[in-house]
Amino acid sequence: MSLNSTLNFNLTDAQKQLQDTFGYPSFRNQQSQILEHLGQGNSALGVMPTGSGKSLIYQLCAFLSDKPILVISPLIALMNDQVLQAKKYNIPSDAIHSQKQKEEKRKLIDDWPTKQGPYLFYLTPERLQLSGILDVLKQNPPSLVVIDEAHCLSQWGHDFRPDYTRIPDFLEQLGQPKCLALTATASPKVQAELSQLLNLRQGDLFIGDFDRANIDLQVQEPYGFENKCQALLQCLHNFDEPTLVYFSLIQSLEKVSDFLSSLKRDHSVYHGKLPTHIRNTNQKNFINDKNTLMLATPAFGLGVHKPNIRKVIHFEMPGSIESYYQEIGRAGRDGKNSKATLLYDKDDLSIHMDFIKWSHPEPEYIQLVFSKLQSQKDKLEQLGINELRNQTLFYHSRDFRLETSLNLLKRFDYIQVYSQNPFKYEILKEDLNQNDSFLDSTSMELRKKNQLQSLYQFSQILNEPDSLRENILGYFQNEASN
Ligand code: ADP
């Protein structure tokens with residue numbers, strides 16, 4: 001028998017909460033249907049576009065539950081933003097992730113039994129293995145387990161994360177509590193896989209309206225860097241409203257930034273090579289309209305609430321239809337007319353083919369990195385991370401297997417990295433567990449193949465620019481039957 005508690009409320013309770021706590025007069029998209037279903041003690045999978053009110057569903061549930069709600073979320077930045085958002089609505093909330101101190105994590109787990117609703121507790125999936133957490137949750141079950149960015153669970157998804165594969169097992173050990181899986185991007189194939197992995201029933205699936213009718217979608221085909229810069233200038237001509245330009249490569253972002261500077265065109269930049277404080281300042285200036293033109297890599301936008309972005313321009317094609325749709329979805333959140341322009345040069349396909357290749361390091365490579373981290377700690381700490389790079393990589397500007405491997409080793413608690421520069425780390429386990437999914441070469445190969453297939457499918461859609469919207473919406477609705 002399951003000890004799990006479930007939610008129990010009706011739509012009138014939820015409606016009242018929406019008005020009293022959140023100050024909104026009515027539900028939108030699939031919110032009311034999902035809430036009604038959850039209130040009857042069911043699980044649900046909600047597929048709704050970014051910004052359509054997914055988080056509000058469980059934030060609202062928190063007020064209608066006397067037990068805490070557990071939220072599994074993939075990224076620290078996203079999680080921190082969600083905690084802030086929850087606090088804005090006076091929902092007590094905490095988060096456990098790799099940047100929290102050991103003592104702080106311990107205390108949050110120890111305090112769990114004392115918590116009552118409304119309370120949201122955020123965890124990154126790799127922390128599900130934290131010692132003691134399962135026991136404490138078993139004895140004091142949450143009323144709901146929310147799985148944010150649920151598509152990360154799917155091998156077929158564009159953003160599969162090996163650490164998400166721990167979730168089904170975790171839920172089973174918890175006695176299959178009711179769950180709410182949320183995602184903005186799941187083709188029917190992904191939906192079917194998620195339903196199966198999370199033990200959902202047919203009536204548990206809720207698909208929102210994906211058409212962002214206020215965003216005009218365009219594809220232009222300038223060939224080569226110079227022509228793209230000219231096309232970009234055309235897009236920006238006489239335009240001073242919030243504009244986001246996405247790049248796949250930091251290198252081209254920097255080149256375009258130099259080009260715009262040479263024309264004295266004011267802009268800010270956001271990418272992984274910038275120190276955090278500069279990135280944060282640039283982000284803030286863009287959000288507050290101090291600067292209206294932002295050049296960014298896709299990391300920009302996660303958890304950013306800026307309703308009045310009027311244009312999203314892709315200087316390079318994104319790696320999948322899902323990423324494209326998610327990124328253009330940052331335009332026109334206020335419902336006003338906006339534009340998304342993709343500068344499509346077929347040569348850019350190779351950028352993503354490289355990305356796909358290097359972001360799936362072979363198990364032997366990860367093993368090599370781990371062995372060197374173990375056997376040469378003093379030397380590596382002294383000579384820095386470049387020494388490890390020299391010892392493990394052939395020269396290739398886009399070969400980032402080392403970064404991917406270190407991230408995986410970190411996420412799976414094999415190492416703790418205190419700082420990259422100088423390189424300071426600690427080894428947490430002696431041996432790699434061969435059952436960890438990122439060491440399974442067959443499943444990694446399959447993923448690689450899926451990602452290449454989906455890149456190819458995207459390029460086919462881009463070859464028919466006049467039917468872009470129709471084909472994209474068709475992709476989300478029909479893929480399963482392909
Ligand atoms: P998502 O999680 O899908 O990205 P959020 O739940 O964060 O979306 O909602 C995006 C914004 O819309 C938030 O500011 C939220 O408060 C607001 N919002 C959510 N639901 C409603 C609603 N029914 N009416 C008006 N605004 C809403």
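These values consider heavy atoms only, across backbone and side chains, with no hydrogens, waters or symmetry-generated copies. As the structure lists them, so they are numbered: ligands from 1, and atoms in each ligand from 1. One is the number of the first residue; the rest follow in order along the sequence.
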List in chain and number order the residues that pass side-chain contact (heavy atoms from CB on, under 4.5 Å) with Asp111, two or more places apart in sequence or in another chain; answer none if no residue qualifies.
Lys107, Thr114, Lys115

For ligand 1, which atoms have a heavy atom of [X] less than 4.0 angstrom away?
| X | answer |
| --- | --- |
| Ser26 | 22 (C), 23 (N), 24 (N) |
| Lys54 | 1 (P), 2 (O), 3 (O), 6 (O), 8 (O) |
| Pro49 | 3 (O) |
| Phe27 | 23 (N) |

Aromatic ring pairing His314/Tyr246, orientation class (parallel under 30°, perpendicular over 60°, tilted between)
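Ring orientation, 0 to 90° scale: parallel.
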
[atom]: the protein heavy-atom neighbour that sits closest, reported with distance to 0.1 Å:
| atom | answer |
| --- | --- |
| atom 2 (O) of ligand 1 | Ser55 OG, 2.6 Å |
| atom 10 (C) of ligand 1 | Gly51 O, 3.7 Å |
| atom 20 (N) of ligand 1 | Gln31 NE2, 2.9 Å |
| atom 9 (O) of ligand 1 | Gly53 CA, 3.6 Å |
| atom 12 (O) of ligand 1 | Arg28 NH2, 2.8 Å |
| atom 27 (C) of ligand 1 | Tyr24 CE1, 3.3 Å |

Does ligand 1 have an atom under 4.0 Å from some heavy atom of [X]?
| X | value |
| --- | --- |
| Gln85 | yes |
| Tyr89 | yes |
| Pro25 | no |
| Met48 | no |
| Ala184 | no |

Please say whether Leu18 places an N or O atom under 3.5 Å from an N or O atom belonging to ligand 1.
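No: no nitrogen or oxygen of Leu18 is under 3.5 Å from one in ligand 1.
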
